[in-house]
Amino acid sequence: MFDFVRKHNRILQFLLVLLILPSFVFFGVQSVARFGSDEGVVAKVDGTKVMQPEWDNANRQMSERIRAQRPDTDAKEFDKPEFKKQSLDQVVREYVLTAAARDQRLTPAPLRIQRIFETDPQFAAVRNADGTLNKDMLQARGMSPAHFEALLRQDLTIGQVLGAVSSSGQTSAVASQQAINALFQVRQVQWQKFDPKQYASQVNPTAAQLQAYYKDPANDVWLTSPEKADVQYVVLDLDTLKQRVSVSEDDLRSWYKENISRYTEPEERRASHILIKAEKSASPEQKKAAKAKAEQILAELQKNPSMFAELAKKNSDDPGSAANGGDLDFFGRGAMTKPFEDAVFAMQPGQISGVVESDFGYHIIKLTAIRGGKPQPFEAVRAQIEDEARKQAAQRQYAEVAEQFTNKVYEVSDSLKPVADELKLPLQSATGILHHPDGKDQGVLSNPRLLDALFDPTNRSKGRNTEAIEVGPNKLVSARIVKYEPAAKLPFDQVQDKVREHWVEAESVKLARKDAQAKMALWEKSPEQATLPAPVEMSRRNMFGQPAAVLEAVLKMPADKLPSWQVIDLGAEGSAVVKLLKVLPPNLAPAEVREAQEQFGPIWGRAEADAYYRALQREYKVQYLNDGKKVMDAVTGAKK
């Protein structure tokens, strides 16, 4: 009974979601000339502008959340258009749903907000034992109670826009069965792959063919050396400022005293109990009998306390602990029901309680051990405190120094030495920096916004500094080009071997497809001549057993007339000839069918909610501009 609450250390997922919600802070206008323009706007929703800094903030918070969950994530993933599209989608979604909630006059009642906070398990980490808000926990996450309440209200408000749609996903039995058949259908096929490598020896290009292939504009992409440059750059970040900060010993000790709770391990207690079960719904007679039994066991324990484990095994109605002599292991405050917790935290080790009543029945408790609850010595946490103090001091300085940095790289636009000297920052150099790294790690010079500004025609031709660009949390960079090399098609002599290799590969793919088509025509006309392997069964339940392209093509093949034949294009992998023999019903147990049907309703509901959201996007005229449009176009182009 107590297994589900004992040692329950759940991560506060909802709070993390709230922390990445856009703050909707309105950024000041830098000049009258820019007021009313679309400069710095990445999207518009119902005429409302979504600004670049807001998108940057959401992108940064999303990347920080992912780093916290998966520390080994490659930082280059955060610069990809697909990742940036996710954070922009998130910001735009909040604007769309907020506008819809406003127009639909949706707002959660205060009592509903309070009830959800008090009862939803995901808020357990920010609830005190008495149900009030844990302000210390919020402060550790940089949030005030008012901010938390506002974000919770906002989340519940916009949740109402799609909530009613997604929760109403209901389908007919026929539709569910059709979906199950389509998803789990099994097809029996024979298929053979035609590998281009088997045809490579049959092709031998002439000099004229290689020249023609070299001159074909379609091949310019891989025959062109990339745009690159030698670069100077200056970085301003918190780590640099932290090294300059000095903190006195007195300040460190004061910080330690003021934040002693942060360096104190939470007190945990280990207890054993004997439960005589009596549910809340039990009759008065049943409760009376259970209490009498508990009192009888307590009387035996008072005579012989050493029998606690033996009596727990014989009498306790808690199956999770009875077999262990009633042992519940260590637990902290908030893990157990309140009457039980109050009794345990009022006891001394070795002490046996009286009969304690809870919603589960009547308990007899023995406290066996106490750990934690004592602060770590100052010397043990001094380095941690000093690092935190330096970090906070650096954060206080950062805004002022960042403004100096931003102004200086603009005022002296043809050199970075002045800003480096004034702020005592190292002037760094890098050679062969690519405008489009395509996965190559160039450190801070991998940031797409920085690279676009650096390779801007005006900046690169005059060697100008880029503006101060934020490439990470509290990290600004300005760079300038010292030497520029434009993209250029490589001479034929340098790439002759590469051209021949590509030509052979391309022609081998053509030969493989031609042979596959010829074989299919022959085998379809004369099945007895076919040399196809033995039949196999393909389905989405066994999707990892076959190439994805073959599986998808097989599941789409017409089945009205069998056998059915098709040549499947596998791209650089060649081609495949497929013979569809039979269409078999899903091989699902009744329990699996029921489970699939139960899951289909919520899936349908989510699909309807997604469709409704797309309709809201059209209604509120969502459009993407500037860098927002570039990212959307890049992702769309990649999908095509």
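What you see below is based on every heavy atom in this structure, not just the backbone, and it leaves out hydrogens, waters and symmetry mates. Just so it is clear, the model here is predicted, and its values are computed rather than measured.
Note: Trp523 and Trp565 have tilted aromatic rings, judged against thresholds of 30 and 60 degrees for the angle between ring planes. Between Phe492 and Tyr214, the ring-plane angle classifies as perpendicular under the 30° and 60° cut-offs.
When only modelled atom types and interatomic distance are considered, Asn204 and Arg500 share a side-chain donor-acceptor pair under 3.5 Å. Side chain to side chain, Arg102 and Gln104 fail the donor-acceptor criterion of an N or O pair below 3.5 Å.
The cationic atom of Arg93 (NZ for Lys, CZ for Arg) lies less than 6.0 Å from the six-membered ring centre of Tyr613 and within 45° of the ring axis.
The pair Lys193-Glu573 meets the salt-bridge criterion, with a side-chain N (NZ, NE, NH1 or NH2) lying under 4.0 Å from an Asp/Glu carboxylate O. Salt-bridge check for Glu537 with Lys582: failed, with every basic side-chain N at 4.0 Å or more from each acidic carboxylate O. For the pair Arg449 and Asp56, the salt-bridge criterion is met [side-chain N within less than 4.0 Å of a carboxylate O]. Between Lys519 and Asp515, at least one side-chain nitrogen of the basic residue sits less than 4.0 Å from a carboxylate oxygen of the acidic one, meeting the salt-bridge criterion.
For the atom pair OG of Ser478 and CD1 of Ile469, the computed distance is 7.5 Å after rounding to the nearest 0.5 Å.
Side chain of Arg460 to backbone of Phe455: a donor-acceptor contact under 3.5 angstrom is found. Panel note: side chain Ser87, backbone Lys84; a donor-acceptor pair is recorded below 3.5 Å. With hydrogens and angles ignored, the 3.5 Å screen pairs no side-chain donor or acceptor of Asp46 with any backbone N or O of Thr48. One N or O on the side chain of Thr206 and one on the backbone of Gln209 form a donor-acceptor pair closer than 3.5 Å.
Looking at residues two or more places apart in sequence or on another chain, you find no ring pair (Phe, Tyr, Trp, His ring centres under 6.0 Å) involving His436.
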Next on the checklist: Between Lys510 and Glu507, does the salt bridge (charged side-chain N to carboxylate O under 4.0 Å, His left out) criterion hold? Intermediate values first, please.
Outcome noted: CA-CA 5 Å; Lys510 293 178 184 178; Glu507 291 300 313; 3.2 Å; yes
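The two residues Ala549 and Ile568 come nearest to each other via the heavy atoms O-CG2, 4.1 Å. Between Val477 and Thr466, the shortest heavy-atom distance links the atoms O-OG1, 4.2 Å.
Looking only at side-chain heavy atoms (C-beta outward), Val42 and Tyr624 stay at 4.5 Å or farther from each other.
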